[in-house]
Amino acid sequence: MNRNYLKYIWIAGVSILGLTGCDDYLNRESTSGVNTPDLIWQNPKAITAVLADMYDSGLKLDEFDDWYGSKKANLANQTSLSDEATASYQKESAFDKSNSTYSYGDYVFNDDMVTRYKQIRIVNNFLLNIEKTSVLSEDEKEEIGAEARFIRAMQYFGLVKRYGGVPLQTIPQEYTTGNTQALYQARDTEAATYDFIINECKAIYGSLPEVRNSDAKYRANRGAVLALWSRAALYAGTIAKYSKALTLTGEAVSKGYVYIPETEAERYFDECYTASSKILDEMVPRVYSLYKSTSTDPEELAQNFYNLFSKTVNGDNGEYIFQKQYNVAAGKGHMWDKLNVPFSYRGDGWGCGMSPVLEMVEEFEYIDGTEGKLKMKDSGGKAISYDSPYDIFKNKDPRLLGSVYLPGADYKGYGGGKIEWIRGVINGQDGIGTKYEASAQPDKENKVVIDEQTYNTSGKDGGSLSVGDASKTGFYQRKFLDESLTDYTDIDAKRSSTPWVVFRLAEIYLNRAEACMELNQHLDVALKDINEIRGRAGIKLLTAGDLTLDKVRHERKVELAFEKHRYWDLKRWRLAHLDVSKGGLTNFRGTALCPYYNVKSGKYTFETGVPEKRKRLFLEKNYYTVFRAEDLSTNPLMTQNPGYGN
């Protein structure tokens, strides 16, 4: 037997004993030493333990600690590599050297094919064995089998959104001595891969309960399957509609391994509408509802939006459809808080990770529905003076305040106080006079003496656009930060346990609204869906005359900000390769908001600045991830993605 084929499990496969951590789960379930495949299928607790491990090991998500290259120090994730934010650290490799260009790598956010197909084989083996076991009832087999198929569908969704079409396997491959060719399998088309995911969801959603008991709340339910159906269909529909904008060519294109025929777009949008409606029309408010505040006060609405994603609420908000839960005591925590807490609240370094950019901040409208441009100058071009840096954000969409730590905002985490990010001081007023700017990290020397008075040219949370590790834009990410956490020391301790949201109700409203606009049908439904979201936020509702596809996309951007949707949205809309002036990522760098303290008036004026970060370059080939050489060499029927050779 060729050992090379054993190595690449997605072709040759492994037995059920290859489950990572299976013994831990079996011991946890007190299954009396069950540790061989034949005994596993004779014990219901052991079967449940295997299923639990499939969730734990088999669901790779775009979650908190998912970093490009698995290096947290790079701070490259789906937020910092979108147009929502840039990374803060001075020397991380993806964002330093401001006079150069950052090219999106061939392997950006790739998934290890070996690991994915190992997990797919485990699911296939599991499904084969539960059909044979006699220790489960037929109803139990149906429900557990549906969970396993959901996990497999999620695996394929993770693959298809990166690679396009991949080989679809639903039964474990078996190696016969001397016959490796029988294991070779060509890619299925991108359309067929999406169809497989959608059809699996359609087949299994009715086999799962709508609501689970508290001890099983993190297992897939009916809503999770419908949400995957909704999202996968929307992705497929937009890929079909907008791929004509690309110029990629080659065998992968001609054989349909990448690209979906435009004629299929309507069908997929219909599928998205159907799946979304099964949640929104049949399960709301009986099972799910938007997490709302009865208050109309913007600060309380902002706090409500923050609470939705907080550790304090811990996912028990009525809106989360499917989530990943963490358990610090069991060694299953994450490090998001440690990597992202604002500068002055750090424990022993790190922190400050994501710097939301001014462009993102200005996407959030004002409460009255006017566009979100900040008012830095009056109609005559004179700088407007504010008593506090926070005042410039008055009457902004409360979701901004719940998602981003703004200069001058109250910090409600451990230690309290305010977020202080000041670019410098001006020896004058109304923005006129000699300017003294921060030139060091905020815990270093940033002082100037004016008329025998000493002033700090930065706040305790930053002020430099180039030096140190504090925010380079004036903003920090608030969404998901655990403000109840008190210990930010020891980066590897992984003390964070805020759950990661995989699917939530607001996304489903946005999915259906987008599908309606793409179909140019059910426009009244689309308007209602968007206004459900805006109404919860506390901002002006849209009228039928206001509703456009761009408005729906805009609403998606602000509502789902920093939840790692935006990068994939730009890819499926085929916008990512365009210049930033056309809504793409190429030449994007991000802009900073720069508050200055005016010595003569005691007030603040604002300018914009350019963080010393690289400009981006997103090429058309980056829409699809490259297959590694070993993926191709172990399966000669595989075809490389366009732009990478073969």
Side-chain angles (χ1 to χ4, degrees), residues 63-65 72 75 79 85 87-89 291 293 299-317 325-356 388-390 393 398-422 441-444 456 458-463 468-501 561-563:
E63 40 84 23
F64 291 112
D65 291 339
K72 59 183 179 290
L75 292 174
T79 294
S88 297
Y89 296 172
Y291 186 73
S293 169
E299 293 286 344
E300 292 192 25
L301 289 170
Q303 187 64 33
N304 176 79
F305 193 68
Y306 164 79
N307 289 344
L308 169 60
F309 308 97
S310 69
K311 172 57 184 172
T312 302
V313 173
N314 198 35
D316 295 322
N317 49 44
Q325 187 69 12
Y326 299 83
N327 187 323
V328 174
K332 296 286 185 180
H334 60 82
M335 59 180 68
W336 181 257
D337 299 288
K338 176 63 178 171
L339 285 171
N340 288 281
V341 66
F343 185 89
S344 66
Y345 299 94
R346 301 172 306 157
D348 53 6
W350 296 93
C352 318
M354 296 298 104
S355 293
S388 161
Y390 192 62
F393 306 103
R399 287 175 294 184
L400 170 62
L401 285 59
S403 301
V404 178
Y405 288 119
L406 306 166
D410 289 329
Y411 180 71
K412 298 185 178 181
Y414 180 70
K418 292 184 180 294
I419 301 297
E420 296 177 4
W421 199 101
I422 302 169
Q441 190 161 283
D443 57 353
K444 307 297 182 184
N456 196 335
S458 80
K460 62 183 176 62
D461 295 301
D469 292 339
S471 171
K472 301 299 184 295
T473 64
F475 306 106
Y476 289 98
Q477 182 178 324
R478 185 185 185 200
K479 183 183 278 189
F480 293 119
L481 198 86
D482 181 6
E483 292 179 340
S484 68
L485 196 65
T486 60
D487 188 352
Y488 293 109
T489 60
D490 187 2
I491 185 66
D492 294 316
K494 293 195 172 185
R495 293 190 177 92
S496 299
S497 57
T498 303
W500 177 256
V501 55
F562 316 124
E563 295 176 46

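Results of the side-chain hydrogen bond (donor to acceptor under 3.5 Å, both in side chains) test with Tyr326 over Lys332, Lys494, Glu63 single out Glu63 as the only residue that passes. Each of Asp492, Asp490, Asp348, Thr489 was compared with Lys338 under the side-chain hydrogen bond (donor to acceptor under 3.5 Å, both in side chains) criterion, and only Asp348 meets it.
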- [ ] Using the side chain to side chain contact (heavy atoms under 4.5 Å, CB included) rule, take Val501 and Phe480 through it: C-alpha gap first, then chi angles, then the decisive distance, then the call.
- [x] CA-CA 10 Å; Val501 55; Phe480 293 119; 4.0 Å; yes
TODO: Test Lys311 against Leu485 for side chain to side chain contact (heavy atoms under 4.5 Å, CB included), laying out the working first.
DONE: CA-CA 9 Å; Lys311 172 57 184 172; Leu485 196 65; over 6 Å; no
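The CG atom of Leu401 lies 10.0 Å from the CG atom of Leu301; values are rounded to the nearest 0.5 Å. The CG atom of Asp410 sits 9.0 Å away from atom CD1 of Ile419, with the distance rounded to the nearest 0.5 Å. Remark: Thr473 OG1 to Met354 CE distance equals 11.0 Å, nearest 0.5 Å. In this structure, OG in Ser293 is found 12.0 Å from CG in Leu308, a value given to the nearest 0.5 Å. Rounding to the nearest 0.5 angstrom, the gap separating the OH atom in Tyr291 from the CG atom in Asn307 is 5.0 Å. We find the CG-OG1 distance between Asn317 and Thr312 to be 12.5 Å, quoted to the nearest 0.5 Å.
In summary, the side chains of Asn304 and Glu300 do not present any donor paired with an acceptor at a separation below 3.5 Å, with no hydrogens or angles considered. In this model, a donor atom of one side chain and an acceptor atom of the other lie less than 3.5 Å apart for Asp461 and Ser344. At a cut-off of 3.5 Å, with distance as the only test, no side-chain donor of Asp482 or Ser496 sits close to an acceptor on the other residue.
Ring orientation note: the planes of Tyr390 and Phe393 are tilted relative to one another, at an angle of 30° to 60°. Ring-plane geometry between Phe64 and His334 is classed as parallel, the angle between the planes falling under 30 degrees on a 0 to 90 degree scale with a further cut at 60.
Aromatic pair Tyr345/Tyr411: ring centres closer than 6.0 Å. Outside the 6.0 Å centre-distance limit, the rings of Trp421 and Phe475 are not counted as a close aromatic pair.
The two residues Cys352 and Pro342 come nearest to each other via the heavy atoms SG-C, 4.4 Å. Here the shortest heavy-atom pairing between Asn314 and Pro499 reads OD1-CD, 3.3 Å. What you find for Pro389 and Gly408 is that their closest heavy atoms are CB-N, 4.5 Å. Closest of all the heavy-atom pairs between Glu563 and Trp500 is O-CZ2, 3.5 Å. Across all non-hydrogen atoms, the minimal contact from Ser403 to Arg399 is OG-O, 2.7 Å. Heavy-atom minimum distance, Ser355 versus Ala87: OG-C, 4.4 Å.
With hydrogens and angles disregarded, a donor-acceptor distance shorter than 3.5 Å links the side chain of Lys479 to the backbone of Ala561. A donor-acceptor contact shorter than 3.5 Å links the side chain of Gln441 to the backbone of Asp469.
Geometrically, Arg478 does not engage Tyr476 in a cation-pi contact, judged by NZ or CZ lying under 6.0 Å from the ring centre and within 45° of the ring axis.
Tyr414 has its side chain out of reach of Asp487: every pair of non-hydrogen atoms, C-beta onward, lies at least 4.5 Å apart.
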